[in-house]
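The structure appears right after this line, and notes come after that.
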Amino acid sequence: MKFVNSLVLISLLLVVSCRVQQNDTSTLADLKAGFNNPPMSARPKVYWWWLNGHVDTLRLKEELRAIKNAGLGGVEIFEIGLKAESDPNDVIPAGPAFMGEESLDAIQLAIEEAGRLGLAVGMSLASSWNAGGSWVKPQYAAKTLYFSKTSLADDFSGKISLPFPSITSGVNGKPRDIEYDATGRPAYREEVAVIAIPAGATNLMDTTSILNLSKYFDAKSETLTWKAPAGKWDVYRYVCSNSGEQLKRPTPKSVGPIIDHFDSTATEMHLQYFVDRLQPRLGDLSKSALKYLYLASYEAKEFTWTPSLPATFQKLHGYDVYKFIPAIYNPELFASQTYEGFNEDFKKTFSELMINNHYRKSKEICNRYGLKIISESGGPGHMHHIPVETLKSLGSLDIPRGEFWYKRPYYDKDSVDMVWLVKEIAAASHIYKRGMVEEESFTSYLDWQESPADLKTFADRAFCEGMSRLVIHGFPHNPQGFGYPGIAYFAGTHYNDRRVWWPKVKPFNEYLSRISYILQSTDFVADVLYYYGDKVPNLVPPKNTRFKVGPGYDYEIVNTEILLKDLTVEDGQLVLPGVGRYKVLALRNEPEMNPDALVKLKALAEQGAIIVGSKPERSAGLNRQPQASSRVASMGNLVWTSKKFDPEAREKGKIYANTQPIEVLEALKVSPDFSYQQQQANGLDYIHYAKAGTIFI
């Protein structure tokens, strides 16, 4: 018998291979009913591309009916502009400005028609991405730092003018798109600090010789009054202003800046703008077909700053950021260990700012109006600058979303596909109990070259990593007159009623819906819990690449927040209440570890948890210390042992440095979830879900 290279949920068609107790029959009946007729919440959605913002209201209605009749569950309205090479002859005219009155007419019609058909609607919070638009004023727009340098001679004493920093070019080498006032300076600007550095200083171990002169600087007259210590000094004036970064691919009439994603007031302004524009037309949003607002993956390129960063940095790390600002542009100023410690703290500060001030704030505002927030808040970090701890960021949403591509791997040096972002999102959804693992699905550059038969294998692989709902990328809206195969966004699988196979697509959509329903309605089962640390960014690669247990075994991933807050030990097993039970906790082999996590590991080990992994060399951050330090010693008798794990000679309070998770499972006689003869690297795949402890899938 010849097998395809991915087999998903072997027993799904029967929903059996189970033991059913009497009180579980209703659960099994519900699963069978939902499997036979999946609810709309399990059916795939599509990105509904409104190209150049140009729409045809009659075709909007036709397309919604086609979507409903094909067995899909909803749409996400996504207005987008086009690359010049996608429409070299300007065939697609420019539509109205996004969220203007004419744009809102079409949005209202689409949402009301979708509601009549029983389809759910989501909506992207920008014309393209990142979050932003023409309504974003300078105080809410993305920000960066600029500086000027003034060199002082020996024994300087007195007053000196410090020039306002020049506005440098952006990362693309072009002038920044910034609003200026009558003085010729940026309309938004804020003094940050004035810092003095001994001229020529390098490889400093600390900030003792770096001086913060901000209190001696008069911003109004732009003069510094200071008596310098002996020696030559370089004085830097740092000013925060707009970066000028714009929406990535807006429609022609919707150009505008992106917001400051680290500022809660900017996020609130942006979300409230959409609510205030939509409510007068749709009424109570909680009763409309609009169910979700969507924030696309963060793909900003400029170095960022935000006014609240210094206070947040101080609160998180216990020291001032100001004297370290020069190291942002000149890392060689400090010794490598000092710089690396600061840089780790700096990145974690941005992570906390973005999670709290953008994603959690967005959730708060959406929930206030009966809506849910969805985002690819964890990536695709392998391709773009993503300044967050990914699991925590994804867990801050109502529904976390990732993405996977059709025939477009992005390999790292070890041939790991870094844009297959499924395991990461599944783990976040599990440990934060979000109940849904959405995936932007089948993204591609192979226009019109794929069919459902080609796509199925990719969907199966994603299901085997935890996906429980597809958001197909995408369904290009096609106004009348564009014929077949129609117009399309340059990326994505063009999954619309202009495809020749569209009349035959419903069974494929039903297949995707049935599996999604089962995975939404049951609980993921794994024997190993993997602590992946808390670096920023901390990206989870595809299943069984950087980390794997062994053939037939799977693993859940936990981050520092959930490790500290929720992880317990019961009868020698690790427990995440409401999530799962695990035989062993595996540690990511890193030279440093969060000191609070080390304390928690000590407690877990003393309670009888089996923990395996190498001993770190130091605790994380600038205040990190070697293992012999008083900080680590104060944690008591946390001990790594070189002995192999032996279930007959278990010692509480010890972590096994030379034991692999698979060795623990074998020693405990824990059989694999799934096995077959002639296993091979590209053989069968599987995933294990259960319900009520007795139904195994």
[Y] and [X] side chains, donor-acceptor separation under 3.5 Å:
| X | Y | result |
| --- | --- | --- |
| Thr306 | Asp260 | yes |
| Glu299 | Ser297 | yes |
| Tyr369 | Gln272 | yes |
| Ser127 | Glu79 | yes |

Where do [X] and [Y] come nearest, in terms of heavy atoms and distance?
| X | Y | answer |
| --- | --- | --- |
| Pro616 | Trp640 | CD-CZ2, 3.6 Å |
| Pro661 | Ala586 | CG-CB, 3.8 Å |
| Pro326 | Ile195 | CG-CG2, 3.9 Å |

Chi angles and distances behind the side-chain hydrogen bond (donor to acceptor under 3.5 Å, both in side chains) call for Tyr322, Gln314: CA-CA 10 Å; Tyr322 294 110; Gln314 173 75 49; over 6 Å; no
For the residue pair [X] and [Y], categorise the inter-ring angle as parallel (less than 30°), tilted (30 to 60°) or perpendicular (more than 60°).
| X | Y | value |
| --- | --- | --- |
| Trp305 | Phe303 | tilted |
| Phe346 | Phe313 | tilted |
| Phe274 | His270 | perpendicular |

Please identify each residue that fulfils ring-ring contact (aromatic ring centres under 6.0 Å, His included) with His473, with sequence neighbours left out. Tyr47, Trp49
Could you go step by step and tell me if Thr267 and Tyr140 meet the side-chain hydrogen bond (donor to acceptor under 3.5 Å, both in side chains) rule? CA-CA 8 Å; Thr267 297; Tyr140 299 121; over 6 Å; no
Roughly how far, to the nearest 0.5 Å, is the [atom2] atom of [Y] from the [atom1] atom of [X]?
| X | Y | atom1 | atom2 | answer |
| --- | --- | --- | --- | --- |
| Phe217 | Glu191 | CZ | CD | 5.0 Å |
| Met205 | Ser336 | CE | OG | 8.5 Å |
| His261 | Leu353 | NE2 | CG | 13.5 Å |
| Cys240 | Leu145 | SG | CG | 6.0 Å |
| Lys323 | Asp206 | NZ | CG | 9.0 Å |
| Ser396 | Glu389 | OG | CD | 10.0 Å |

With no hydrogens and no angle check, is any side-chain donor or acceptor of [X] less than 3.5 Å from a backbone partner on [Y]?
| X | Y | result |
| --- | --- | --- |
| Gln246 | Gly244 | yes |
| Asn589 | Ser614 | yes |
| Glu465 | Lys543 | yes |
| Ser468 | Met436 | no |
| Lys348 | Leu316 | no |
| Arg237 | Leu162 | yes |
| Asn130 | Ile258 | no |

Quick one, [X] and [Y] - any side-chain contact, counting heavy atoms below 4.5 Å?
| X | Y | value |
| --- | --- | --- |
| Glu344 | Lys535 | yes |
| Thr560 | Tyr531 | yes |
| Phe342 | Val321 | yes |
| Val136 | Met269 | yes |
| Leu125 | Leu271 | yes |
| Leu539 | Met418 | no |
| Asp263 | Asn357 | no |
| Asn356 | Ser264 | no |

Taking only Lys NZ, Arg NE, NH1 and NH2, and the carboxylate oxygens of Asp or Glu, determine whether [X] and [Y] approach each other closer than 4.0 Å.
| X | Y | answer |
| --- | --- | --- |
| Lys392 | Glu352 | yes |
| Glu364 | Arg360 | no |
| Lys423 | Asp554 | yes |
| Glu76 | Lys45 | yes |
| Arg176 | Glu302 | yes |

Given Asn559, which of Asp534, Ile431, Asn594 fulfils the side-chain contact (heavy atoms from CB on, under 4.5 Å) condition? Ile431
How far apart are the C-alpha atoms of Asp398 and Tyr292, what are their side-chain angles, what is the distance that settles it, and do they pass the side chain to side chain contact (heavy atoms under 4.5 Å, CB included) test? CA-CA 9 Å; Asp398 288 304; Tyr292 318 102; over 6 Å; no
Going through the distances and angles, do Tyr146 and Ile167 end up as a side chain to side chain contact (heavy atoms under 4.5 Å, CB included)? CA-CA 7 Å; Tyr146 301 95; Ile167 304 302; 3.9 Å; yes
More than 12 heavy atoms of other residues, nucleotides or ligands under 6.0 Å from [atom1] of [X]: yes or no?
| X | atom1 | value |
| --- | --- | --- |
| Tyr216 | OH | no |
| Lys248 | NZ | yes |
| Lys137 | NZ | no |

Ring-ring centroid check Tyr532 Phe547, cutoff 6.0 Å: no
Proximity of Tyr329 and Phe147 rings by center, below 6.0 Å: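 So the answer is yes for these two rings.
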Does the pair Ser377 and Tyr298 meet the rule for a side chain to side chain contact (heavy atoms under 4.5 Å, CB included), with working shown? CA-CA 7 Å; Ser377 63; Tyr298 181 74; over 6 Å; no
Please walk me through it: do Leu585 and Ile610 pass side chain to side chain contact (heavy atoms under 4.5 Å, CB included)? CA-CA 6 Å; Leu585 174 64; Ile610 303 171; over 6 Å; no
Begin with the C-alpha distance, continue with both residues' side-chain angles, and end with the deciding distance and a verdict on side-chain hydrogen bond (donor to acceptor under 3.5 Å, both in side chains) for Tyr530 and Arg546. CA-CA 12 Å; Tyr530 176 50; Arg546 295 264 186 258; over 6 Å; no
Is there a side-chain hydrogen bond (donor to acceptor under 3.5 Å, both in side chains) between Thr144 and Ser243 once you walk through the steps? CA-CA 5 Å; Thr144 191; Ser243 67; over 6 Å; no
Does Arg401 make a cation-pi contact with Tyr294, if we ask for NZ or CZ under 6.0 Å from the ring centre and within 45° of the axis? yes
Under the rule for salt bridge (Lys or Arg N to Asp or Glu O under 4.0 Å), what residues qualify as partners of Lys347, not counting sequence neighbours? none
